[in-house]
Amino acid sequence: MNKVKLLAGASAAALAIIAAIFHVEGGYVNNPNDPGGPTHHGVTQAVAREHGYQGDMRDFPKELAQQVFSRIISSSLASTG
């Protein structure tokens with residue numbers, strides 16, 4: 001399999017994973033019993049900060065969540081390949 005097909009496959013896989021995450025993760029949540037703290041679109045505040053977001057998690061855009069998940073998935077795929 002050539003490299004272009006591998007990258008396209010990884011991209012399709014990443015999009016499928018992100019779609020599944022968005023399907024089960026709702027909007028903003030800040031449950032005091034959840035050690036992850038404020039979370040929006042499945043991204044914790046700590047992870048959002050690691051990726052440069054400094055705003056209120058209630059305003060965390062879905063598009064940025066998709067970028068964060070894409071980076072995490074791409075990094076994971078790169079480290080296993």
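What you see is a predicted model; the values in this text were computed from it and never measured.
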His40 side chain to Gly27 main-chain N or O, any donor-acceptor pair under 3.5 Å?
no
Using the salt bridge (charged side-chain N to carboxylate O under 4.0 Å, His left out) rule, collect all pairs that involve residues 57-66, keeping only residues at least two apart or in two chains.
Asp56-Arg58
Arg49 (side chain) donor-acceptor with Tyr53 (main chain) under 3.5 angstrom:
yes
Give the intermediate values and the outcome of side chain to side chain contact (heavy atoms under 4.5 Å, CB included) for residues Val43 and His51.
CA-CA 10 Å; Val43 178; His51 290 268; over 6 Å; no
Please answer whether the main-chain N or O of Gly42 pairs with a side-chain N or O of Thr39 as donor and acceptor at a distance below 3.5 Å.
no
Which residues pass the side chain to side chain contact (heavy atoms under 4.5 Å, CB included) test with Val29, not counting sequence neighbours?
Asn31
Atom pair CG/CD1 of Leu15 and Ile73 - distance to nearest 0.5 Å:
8.5 Å
Nearest heavy-atom contact between Gly36 and Thr44 is O-CB, 3.8 Å
The reported gap from CD in Gln66 to CD1 in Ile21 (rounded to nearest 0.5 angstrom) is 10.5 Å
If I compare all heavy atoms of Asn30 with all of Gly37, which pair ends up nearest, and what's the gap?
OD1-C, 3.8 Å
Aromatic ring pairing His41/Phe22, orientation class (parallel under 30°, perpendicular over 60°, tilted between):
perpendicular
Ser74 (side chain) donor-acceptor with Ser70 (main chain) under 3.5 angstrom:
yes
